[in-house]
Number of protein chains: 2
Amino acid sequence: MSIKYAVLGLLHYKDMHGYQIKDHIEKNFGYMWTVNFGQIYTTLKSLTDAGFIALSDVISSDNGAPQKKLYSLTDEGRREFKKWLKNSPEKQMLLRDPFLMRFVFFGFGEKEDALRLIEDQIQTYEQQLSRRKGNVFRWERQGVYVNMIAELGLNFNELFLSWLYKVRDAMRDTAPGERTVDPAVQL
Amino acid sequence: MSIKYAVLGLLHYKDMHGYQIKDHIEKNFGYMWTVNFGQIYTTLKSLTDAGFIALSDVISSDNGAPQKKLYSLTDEGRREFKKWLKNSPEKQMLLRDPFLMRFVFFGFGEKEDALRLIEDQIQTYEQQLSRRKGNVFRWERQGVYVNMIAELGLNFNELFLSWLYKVRDAMRDTAPGERTVDPAVQL
DNA sequence: TCTACCATGTAATCTGTTACATGATTGC
DNA sequence: GCAATCATGTAACAGATTACATGGTAGA
């Protein structure tokens with residue numbers, strides 16, 4: 001379970017409640033992990049059962065509104081996290097992308113469809129890039145490591161975009177009927 | 001299910017058996033998807049049940065060695081794949097990396113541990129890069145799309161490595177006791 | 001001889017996702 | 001008034017991983 005350590009890590013900064021944790025992961029690490037409520041609340045429960053975190057405060061408002069349940073790290077949780085942090089990562093980087101998955105097989109479909117999907121991707125990543133650039137000031141107030149990783153995200157975004165431009169232009173230049181896949185592929 | 005379409009896509013090239021499909025995905029798309037036998041054989045079964053693929057041949061050797069069960073695409077499978085191919089991708093790119101996950105939290109651990117993990121990563125990705133460069137000729141015989149994606153993989157590999165070098169050097173330059181994380185982080 | 005690789009499959013388990021259920025607050 | 005966001009939680013399902021079980025072939 002990876003989200004487990006993300007939660008333990010975040011609680012080093014300050015005590016947080018479930019909604020806040022989800023929000024934070026989404027906004028700051030969204031390109032790495034996706035989280036959903038189902039996962040957050042069950043993880044919070046299992047971490048509590050394991051003794052790694054504990055309910056530190058419950059903030060209730062007078063008018064029946066939902067309570068905020070704040071969790072904090074226990075000493076055991078801090079130890080567990082430290083142990084994990086110095087371990088070598090179990091796996092290599094994995095790039096999961098339903099667009100790229102289609103891309104490899106574009107030769108088996110229509111060129112117009114492929115071009116349309118590429119344009120969509122360009123739009124998406126142009127937006128993301130400008131959003132990220134606008135957030136630079138946010139990152140600057142964070143620690144150096146968080147900062148460095150934000151830079152990597154930005155660089156990667158730029159690399160991917162320029163690759164998309166190149167691919168689009170190369171495809172536009174090929175005549176409509178031209179075969180764009182080698183039928184005698186060696187597998 | 002994503003692996004489902006990877007299998008349907010690969011069977012466009014030629015009929016293949018389970019082990020072969022796994023091997024191919026691992027070697028060519030390993031940075032995008034991980035597969036394991038459990039998944040391959042159950043996927044093959046469910047695709048057969050759905051009528052998208054069919055057993056086309058069974059190659060058995062005389063001496064009790066395991067048989068190779070070759071599968072081929074059905075017309076329905078081809079239709080299903082075409083439909084999927086022109087659909088917009090459901091999700092955005094996701095970068096899953098247990099190393100980067102640790103990296104964001106390096107400020108809460110020891111600098112020496114962090115440096116060691118970074119060195120390990122550098123080794124790993126230097127090896128991968130030279131392996132990929134050696135494979136360029138392989139890609140060239142493939143279709144243009146497969147070619148383009150191989151280029152993206154190479155570019156990304158280079159970007160990540162130079163980021164790792166930069167990070168390592170920056171960390172070496174900071175004095176041993178120096179705090180490398182802002183304790184008053186804004187979350 | 002021993003390791004690595006070829007080859008198929010099942011069962012148990014762990015993770016992750018979607019949908020459901022509930023209700024307050026804030027801004028347009 | 002309505003949509004978005006804040007807030008917590010459960011149930012069902014889908015997807016992925018690990019371990020187990022079995023046995024042949026090729027090369028160091």
Side-chain angles (χ1 to χ4, degrees), chain A residues 1-7 15-27 29-30 32-50 53 55-71 89-92 94-98 101 187, chain B residues 1-8 15-27 29-30 32-50 53 55-71 89-92 94-96 98 101 187:
Chain A
M1 204 207 280
S2 52
I3 204 67
K4 178 178 153 184
Y5 293 99
V7 171
D15 292 3
M16 283 190 259
H17 58 83
Y19 193 93
Q20 215 174 356
I21 292 171
K22 189 203 174 236
D23 192 57
H24 192 265
I25 292 180
E26 232 166 37
K27 288 197 179 129
F29 309 133
M32 281 178 74
W33 312 294
T34 45
V35 258
N36 47 63
F37 289 118
Q39 230 179 323
I40 284 293
Y41 293 114
T42 50
T43 300
L44 248 24
K45 191 180 180 310
S46 84
L47 284 174
T48 306
D49 291 347
I53 63 173
L55 199 68
S56 62
D57 200 7
V58 179
I59 301 166
S60 36
S61 52
D62 32 339
N63 41 15
Q67 303 177 317
K68 296 178 191 177
K69 298 192 175 174
L70 288 173
Y71 290 90
E90 318 77 42
K91 294 190 175 170
Q92 265 202 244
L94 207 68
L95 204 85
R96 287 246 164 131
D97 186 5
M101 173 129 181
L187 282 185
Chain B
M1 207 207 278
S2 52
I3 204 68
K4 176 178 155 185
Y5 293 101
V7 171
L8 291 180
D15 292 2
M16 283 190 259
H17 58 84
Y19 193 94
Q20 215 175 358
I21 292 171
K22 190 206 173 232
D23 193 58
H24 192 267
I25 292 180
E26 233 166 37
K27 287 196 180 130
F29 311 131
M32 280 178 73
W33 312 295
T34 45
V35 258
N36 45 63
F37 289 118
Q39 230 179 324
I40 284 292
Y41 293 113
T42 49
T43 301
L44 247 24
K45 191 182 179 307
S46 83
L47 284 174
T48 306
D49 292 346
I53 63 175
L55 199 67
S56 63
D57 199 8
V58 178
I59 301 167
S60 36
S61 52
D62 32 339
N63 39 15
Q67 304 177 317
K68 296 177 189 177
K69 300 191 175 174
L70 288 173
Y71 291 90
E90 318 76 42
K91 294 189 174 170
Q92 267 203 239
L94 208 67
L95 204 85
R96 286 244 169 136
M101 174 127 178
L187 283 184

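What you see is a predicted model; the values in this text were computed from it and never measured. First the proteins, then the strands, lettered A, B, ... as listed; each starts at 1.
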Distance-only criterion, 3.5 Å: show the donor-acceptor pairs between side-chain atoms of residues 34-42 of chain A and protein atoms not counting sequence neighbours.
| residue | atom | partner | partner atom | Å |
| --- | --- | --- | --- | --- |
| A:N36 | OD1 | A:Q39 | N | 3.0 |
| A:T42 | OG1 | A:G38 | O | 2.8 |
| A:T42 | OG1 | A:Q39 | O | 3.0 |

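Within the structure, the salt bridge (Lys or Arg N to Asp or Glu O under 4.0 Å) test picks out the following pairs touching residues 35-48 of chain B (sequence neighbours left out): B:K45-B:D49.
Not a single side chain to side chain donor-acceptor pair (under 3.5 Å) links A:D57 to another residue, sequence neighbours left out. B:D23 meets the salt bridge (Lys or Arg N to Asp or Glu O under 4.0 Å) test with B:K27; sequence neighbours excluded. Not counting sequence neighbours, B:K69 has no partner by the side chain to side chain donor-acceptor pair (under 3.5 Å) test.
Considering only side-chain N and O atoms, B:T42 lies nowhere under 4.0 angstrom from the phosphate OP1 or OP2 of C:dG9. Between B:R96 and C:dT15 there is no side-chain N or O to OP1 or OP2 distance below 4.0 Å. Proximity of A:T34 to the phosphate of C:dG16: no side-chain N or O atom is located under 4.0 Å from OP1 or OP2. Phosphate contact (OP1/OP2 of C:dT8, side-chain N/O of B:Y41, threshold under 4.0 Å): present.
In this structure, the nucleotide among D:dA7, C:dC6, C:dT17 sitting nearest to the side chain of B:Y19 is C:dC6. Nearest to the side-chain atoms of A:N36 among the listed nucleotides C:dT17, D:dT17, D:dT8 stands C:dT17. When distances are taken from the side chain of B:S2 to each of C:dG9, D:dT8, D:dA16, the shortest belongs to D:dA16.
In this structure, the helix from C:dT1-D:dA28 to C:dC28-D:dG1 shows an angle of 50° between the axis at its start and the axis at its end, each fitted on 5 base pairs and rounded to 10°.
To the nearest angstrom, P of D:dA16 lies 11 Å from CD1 of B:I25.
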